Amino acid sequence: MTTLHVINKTPSESSALRDSLIAMSDGDALLLIENGVYATLPAYSEHFSRLTANVQCYLLTDDAQARGLNDLNQDFCGIDYDGFVELSCRYSKVVSWF
Amino acid sequence: MTTLHVINKTPSESSALRDSLIAMSDGDALLLIENGVYATLPAYSEHFSRLTANVQCYLLTDDAQARGLNDLNQDFCGIDYDGFVELSCRYSKVVSWF
Amino acid sequence: MIFSIVVTGAPYSSQASASALQFSRSVLKLGHSIHRVFFYADGVHSGSALASPPQDESNIPAEWSELARQHQLDLVVCIAAAVRRGILDENEARRYEKKGHNLAADFTLSGLGQLVEAGILSDRVVTFGA
Amino acid sequence: MIFSIVVTGAPYSSQASASALQFSRSVLKLGHSIHRVFFYADGVHSGSALASPPQDESNIPAEWSELARQHQLDLVVCIAAAVRRGILDENEARRYEKKGHNLAADFTLSGLGQLVEAGILSDRVVTFGA
Amino acid sequence: MRENKKSFLIINRKAPYGSSAARDALDVALTFSVFEQPLSLLFMDDAVLQLLPNHQANTIGQKNLSANLAMLEMYDIDQLYVCRQALSERGIRPDQISLNITLLDTHAIAALIKQQDQVLSF
Amino acid sequence: MRENKKSFLIINRKAPYGSSAARDALDVALTFSVFEQPLSLLFMDDAVLQLLPNHQANTIGQKNLSANLAMLEMYDIDQLYVCRQALSERGIRPDQISLNITLLDTHAIAALIKQQDQVLSF
């Protein structure tokens with residue numbers, strides 16, 4: 001069964017991102033929300049180097065825009081809350097990391 | 001002026017310890033309280049390797065005992081709340097990291 | 001699909017409750033249903049009737065109440081987490097001999113069984129944590 | 001020496017308020033004085049009159065009240081942080097047209113100026129954060 | 001509700017006492033036993049610190065978490081998984097843990113999560 | 001209270017919006033101006049993320065922090081220090097920051113803290 005992993009903390013304020021990457025399987029997806037969107041800063045790209053091409057990466061644009069992250073990282077697909085809900089349906093479950 | 005640095009988070013739940021070590025001067029002291037006492041586990045000793053002998057390291061024994069940390073790390077001097085107050089007086093100010 | 005939502009962060013202190021509210025609106029807009037919203041840990045403050053944010057800021061407890069009325073949502077606040085944090089309904093105020101109560105309209109105090117049951121009966125459980 | 005204490009974590013959610021209470025007791029026992037205890041951010045929940053923890057757990061708001069009465073402590077809850085989080089005294093309840101109020105006895109709502117003034121007039125300010 | 005049997009996993013990631021997360025997670029786990037649902041617990045990151053023995057939480061006015069952890073077995077919640085990397089990063093030896101646990105490396109953690117119907121995080 | 005002049009430092013360490021810490025710290029800073037006390041602000045760790053331009057916090061139902069940050073200058077709070085390491089770890093260039101800031105390396109941060117009478121942390 002596939003999983004949508006939702007991360008809402010920066011790499012500095014919690015080990016949520018690190019732990020989620022340990023827990024990811026091929027075919028899963030990763031969604032950054034709230035302070036989690038800061039992980040799309042290019043300086044943090046090494047965190048995602050372990051991920052295979054079979055893990056899709058998303059970020060919530062509402063949270064990115066709120067924080068002035070307008071030059072979106074090309075490795076992440078921006079979605080809105082409707083997209084968040086659609087992803088929650090497409091994957092068999094949602095796991096939150098905070 | 002000297003500073004008592006008080007840290008109440010584990011190395012994993014916050015960058016409080018790391019940031020406090022950046023901010024420390026010779027003659028300062030460091031006190032671990034609440035979840036901060038877990039940093040006395042020997043596995044975390046490398047965090048303190050930068051510290052000079054001129055920085056005294058303390059831990060609050062109430063919090064260590066609560067968490068089953070009875071084999072106290074010899075690099076840390078155990079104190080109770082009265083000792084915490086005395087340290088707060090001895091150093092010119094207290095800076096909390098959380 | 002049937003969703004349940006779990007909120008464990010307090011409004012104004014964390015973004016969890018505001019995010020959960022936005023997510024819930026989208027769930028309903030897209031034609032899915034919400035079996036229950038369960039407020040746990042600091043999330044219980046989402047059910048405070050006394051929260052009084054400045055007028056130019058969103059009133060998150062009031063927005064939950066409004067969404068609940070529009071869509072007959074079941075907003076359950078964990079009773080054990082709530083009473084220790086000072087969120088009481090009329091019954092609990094009586095039990096603990098307190099003069100007032102502050103659980104907002106459209107919220108109910110109940111036990112953790114409501115969270116487990118929501119997990120069993122929902123296709124998706126989405127947690128907004130602090 | 002003159003101390004002031006700052007608490008920014010909520011009881012039961014973080015250890016901040018409980019630690020601050022223990023520290024304050026030692027300050028007073030050792031013959032120092034406490035100019036003020038200032039509750040900010042989630043620390044404002046320390047002043048909830050409705051907090052009803054189980055009988056075998058400590059009632060942190062009640063312990064603050066008791067310590068305040070014994071030592072004439074000035075327990076100040078930040079008014080802006082409090083009202084948005086649903087901690088109101090009688091005045092604020094009237095201002096926001098709320099039916100109840102829940103600020104515990106021996107606590108006062110006031111502004112951030114009380115924190116700055118405490119910093120100026122105290123020899124030591126010790127923050128217990130969440 | 002027998003037709004609704006689902007596999008549940010509770011992920012624990014926080015140290016005890018400093019926040020309410022550890023106790024909140026255990027309270028949920030104990031509630032599950034009433035519903036007779038398949039339940040596993042996973043201890044990752046700082047949550048492995050919950051498993052250290054000899055807590056004396058009365059020194060800080062709290063109740064021992066160990067008592068609640070010991071209740072898991074009584075309630076037949078025996079699928080207890082522990083992240084091996086989290087233990088070793090903190091220098092905790094498996095023989096210091098009195099509960100009957102299964103150590104998992106990172107690949108096994110991903111596999112455990114993959115096979116669950118629902119996951120709750122704390 | 002002129003005889004009571006003390007130097008104060010507010011240490012900011014948290015990202016904006018996800019928690020109230022950034023706003024709480026700024027509200028305290030603006031309050032200081034009324035008391036005419038010497039005040040410095042230090043941005044470390046995730047707090048440097050507060051300094052990115054073009055916030056649109058209305059998308060998440062909050063008020064822009066940038067407006068409050070801009071008020072610091074109006075209130076003559078001009079001792080704004082930023083941890084150089086925190087910026088570079090996040091790939092933020094100093095020229096992206098519109099406020100008039102002073103970059104500090106780690107030794108200078110220790111020296112700044114050393115010279116303060118009181119420090120408040122957020």
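The shown structure was predicted, so the numbers you read here are calculated from the model rather than taken from an experiment.
- Using a 4.5 Å cut-off between heavy atoms, B:D63 touches chain E through backbone and side chain atoms alike.
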Going through the distances and angles, do B:Y38 and E:L52 end up as a side chain to side chain contact (heavy atoms under 4.5 Å, CB included)? CA-CA 11 Å; B:Y38 285 120; E:L52 286 172; 4.1 Å; yes

Candidate pair B:Y44 and E:R90, rule side chain to side chain contact (heavy atoms under 4.5 Å, CB included), full reasoning: CA-CA 7 Å; B:Y44 287 128; E:R90 288 160 186 78; 3.2 Å; yes

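- Between the CG atom of B:N35 and the NZ atom of E:K14 there is a distance of 10.5 Å, given to the nearest 0.5 Å.
- With a threshold of 4.5 angstrom between heavy atoms, B:L69 approaches chain E through side-chain atoms but not through N, CA, C or O.
- B:K9 NZ to E:D46 CG: the interatomic distance, rounded to the nearest 0.5 Å, is 11.0 Å.
- Options B:A43, B:S12, B:P42, B:A66 differ in how many heavy-atom pairs under 4.5 Å they form with chain E, and the most are formed by B:A66.
- Proximity to chain E is absent for every atom of B:E34, based on heavy atoms less than 4.5 angstrom apart.
- For E:P16, the parts lying near chain B are the backbone and the side chain together; criterion is any non-hydrogen pair under 4.5 Å.
- Residues of residues 55-72 of chain E that come closer than 4.5 Å to chain B, counting heavy atoms only, are E:H55, E:Q56, E:A57, E:T59, E:I60, ordered by residue number.
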